[in-house]
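Structure first, commentary second.
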Amino acid sequence: MEVERVQAIASLSKCMGTIPTEFVRAENEQPAITTLHGVVLEVPVIDLCEPDEKKLVRAIDQASRDWGIFQLVNHDIPNDLISKLQKVGREFFELPQEEKELYAKPPGYQGVEGYGTKLQKEVEGKKGWVDHLFHKIWPPSAIDYQFWPKTPPSYREANEEYAERLRGVVDKLFQSLSLGLGLEGHEMKEAAGGDELNYLMKINYYPPCPRPDLALGVVAHTDMSALTILVPNEVQGLQVFKEGHWYDVKYIPNALIIHIGDQVEILSNGIYKSVLHRSTVNKEMTRMSWPVFLEPPLELETGPISKLVSKENQSKYKTKKYKDYVYCKLNKLPQ
């Protein structure tokens with residue numbers, strides 16, 4: 001086992017009423033101190049079935065410039081499919097520990113796929129109150145089924161069906177982002193990898209925490225991906241940094257939460273903003289979330305789209321291979 005799993009630590013901590021010191025954040029990160037309480041952030045809500053395309057493009061463009069996050073309703077993914085996805089993910093994390101460990105990242109493995117706890121370089125040895133499972137769900141050529149749980153038996157079917165339905169949403173999002181920038185409808189998706197775009201599923205499992213005032217599930221970060229499409233369970237926990245404060249995000253039942261990621265910020269030359277967010281934890285309840293990160297292929301070079309660069313608006317970002325971007329980000333190195 002690479003490290004002791006948070007799920008196991010949570011069981012012990014519950015009896016003790018305390019948490020190990022490596023989970024206690026510095027005061028400038030502690031949720032109790034840094035959250036603006038009593039205010040819930042109502043991020044833009046966008047109807048993906050809006051019949052007026054110009055109106056839809058304008059809404060997605062505005063949200064991506066001003067917020068970097070929005071919630072999608074009427075996205076055409078059936079509620080019962082989302083429930084099925086959540087159910088099989090929950091059942092995996094309820095398996096005995098030794099069964100989950102069958103899907104752990106192999107020793108020396110450099111990728112992110114697999115069951116695990118630690119993801120990136122930890123600042124001052126501090127840890128997030130979360131375990132996770134990563135695996136690619138699209139395209140078929142990128143899938144490595146050794147990281148897909150065989151229990152529950154319906155796990156694979158639920159994830160494959162979800163990937164299939166997600167693709168229509170993704171195409172519509174990229175098209176709207178392209179048109180919002182004054183580009184051709186296909187250009188943003190092509191620049192992010194086109195049909196080679198990887199859909200990386202992550203399940204976050206945040207067990208109950210005796211001191212949610214002191215710990216964080218995932219620390220403040222922007223996503224490395226082009227876009228992130230997230231399904232939460234009903235337990236509040238997503239926070240966004242806006243106008244100098246951390247706010248809770250109000251969930252809308254069955255909406256998809258869309259994060260603009262670093263690659264769309266780079267491709268748009270800074271017009272669209274990657275959202276700074278973090279996850280808090282709950283004292284009584286398990287929080288879970290299912291983000292799918294839409295990532296360029298590792299060897300693809302990404303940089304500002306040339307049509308968005310001019311004498312007046314010079315390139316704000318370096319062009320580099322996505323794998324180099326990931327390496328720098330995970331190791332806290334300058335880009």
Side-chain angles (χ1 to χ4, degrees), residues 1-3 22 29 68 103-128 130-139 141-144 146-147 188-204 216-230 241 259-270 272-279 289 291-306 309 315-335:
M1 228 190 278
E2 60 178 272
V3 287
E22 64 266 29
E29 288 184 294
Y103 303 95
K105 298 173 180 32
Y109 170 69
Q110 293 302 304
V112 299
E113 289 186 88
Y115 170 65
T117 298
K118 183 183 170 186
L119 178 59
Q120 57 187 4
K121 190 176 179 183
E122 288 161 340
V123 182
E124 294 163 4
K126 294 295 180 188
K127 295 179 178 176
V130 63
D131 293 327
H132 60 247
L133 175 69
F134 275 105
H135 57 77
K136 289 179 185 161
I137 58 171
W138 192 265
S141 58
I143 291 173
D144 186 344
Q146 69 166 315
F147 297 117
M188 178 64 90
K189 186 183 172 189
E190 270 176 24
D195 292 336
E196 304 283 294
L197 199 68
N198 285 311
Y199 290 45
L200 180 63
M201 167 67 78
K202 182 187 186 194
I203 306 178
N204 288 308
L216 283 172
V218 178
V219 297
H221 66 289
T222 57
D223 292 342
M224 296 183 280
S225 55
L227 294 172
T228 302
I229 300 179
L230 179 136
F241 192 73
H259 296 174
I260 298 297
D262 295 347
Q263 302 312 306
V264 160
E265 180 171 318
I266 291 165
L267 293 170
S268 72
N269 202 24
Y272 293 149
K273 299 289 184 278
S274 187
V275 64
L276 185 63
H277 59 288
R278 68 182 186 184
S279 302
S289 65
V292 171
F293 302 102
L294 304 173
E295 299 194 325
L298 289 172
E299 295 292 333
L300 184 75
E301 290 199 342
T302 57
I305 292 171
S306 56
V309 178
S315 176
K316 297 181 175 71
Y317 307 88
K318 289 179 191 164
T319 296
K320 58 168 69 171
K321 285 186 176 178
Y322 183 60
K323 69 175 184 184
D324 297 330
Y325 187 88
V326 169
Y327 180 83
C328 292
K329 181 108 173 185
L330 289 179
N331 290 285
K332 307 277 192 281
L333 301 170
Q335 291 290 356

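In what follows, every heavy atom counts, from backbone to side chain, and hydrogens, waters and symmetry copies are set aside. Predicted model only: the values in this text are computed from it and were never measured.
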Has the side chain of His277 got a donor or acceptor atom that lies under 3.5 Å from a matching backbone atom of Phe241? no
Where do Lys127 and Thr117 land on the side chain to side chain contact (heavy atoms under 4.5 Å, CB included) test, with the steps shown first? CA-CA 9 Å; Lys127 295 179 178 176; Thr117 298; over 6 Å; no
Return the minimal non-hydrogen interatomic distance between Ala191 and Thr302, and the atom names on each side. O-CG2, 4.1 Å
Roughly how far, to the nearest 0.5 Å, is CG of Leu230 from CG of Asn204? 8.0 Å
What is the minimum heavy-atom distance between Arg278 and Val218, and which atoms define it? CB-O, 3.4 Å
Between CD1 on residue Ile305 and CD1 on residue Ile266, distance to nearest 0.5 Å: 11.5 Å
For Phe134 and His132, take the angle between the two ring planes, folded into 0 to 90°, and tell me which bin it lands in: parallel under 30, tilted 30 to 60, perpendicular over 60. perpendicular
Return yes when atom OH of Tyr109 has more than 12 non-hydrogen atoms of other residues, nucleotides or ligands closer than 6.0 Å, and no otherwise. yes
From Glu29 atom CD to Leu216 atom CG, the distance as rounded to the nearest 0.5 Å: 6.0 Å
Quick test of your reading of the model: are Glu299 and Lys323 salt-bridged, counting only N-O distances below 4.0 Å? yes
Atom CD1 of Ile137 and atom CE of Met201: how far apart are they, to the nearest 0.5 Å? 4.5 Å
Go through it in stages, so that I can follow the logic: the residues are Asp262 and Tyr325, the test is side chain to side chain contact (heavy atoms under 4.5 Å, CB included), and I'd like the CA-CA distance, side-chain angles, deciding distance and then a yes or no. CA-CA 10 Å; Asp262 295 347; Tyr325 187 88; 2.7 Å; yes
Determine, stepwise, if the pair His135 / Leu133 fulfils side chain to side chain contact (heavy atoms under 4.5 Å, CB included). CA-CA 7 Å; His135 57 77; Leu133 175 69; 4.1 Å; yes
Residue pair Val264 / Ala226: nearest heavy atoms and the distance that separates them: CG2-O, 3.2 Å
Any donor-acceptor pair under 3.5 Å from Glu301 side chain to Thr319 backbone: no
Nearest heavy atoms of Val309 and Pro304, plus distance in Å: CG2-CB, 3.7 Å
Testing the basics here: between Tyr103 and Gln146, what is the closest heavy-atom pair and its distance to 0.1 Å? CD2-O, 3.4 Å
Quick check: does any side chain N or O of Lys105 sit under 3.5 Å from a backbone N or O of Val112, one acting as donor and the other as acceptor? yes
Do the side chain of Gln335 and the main chain of Cys328 share a donor and acceptor less than 3.5 angstrom apart? no
Closer than 3.5 angstrom, by distance alone: can the side chain of Lys332 be matched with the main-chain N or O of Lys329 as a donor-acceptor pair? no
Please check: side-chain N/O of Asp144 versus main-chain N/O of Lys136, any donor-acceptor pairing under 3.5 Å? no
Ignoring hydrogens, what is the shortest heavy-atom contact between Gly114 and Phe147? Give both atom names and the distance. CA-CD2, 3.4 Å
Close side-chain approach of Met224 to Phe293, heavy-atom, < 4.5 Å: no
Working to the nearest 0.5 Å, report the span between CG of Asn198 and CH2 of Trp138. 12.0 Å
Full working for side chain to side chain contact (heavy atoms under 4.5 Å, CB included) between Lys273 and Ile260: CA-CA 6 Å; Lys273 299 289 184 278; Ile260 298 297; 5.9 Å; no
Say you draw a straight line from NZ of Lys318 to CG of Asp324; how long is it, rounded to the nearest 0.5 Å? 11.0 Å
Side-chain contact test, heavy atoms from C-beta onward, threshold under 4.5 Å: evaluate it for Thr222 versus His259 and give yes or no. no
Mark yes or no for whether Gln263, through its side chain, and Ala192, through its backbone, hold a donor-acceptor pair below 3.5 Å. no
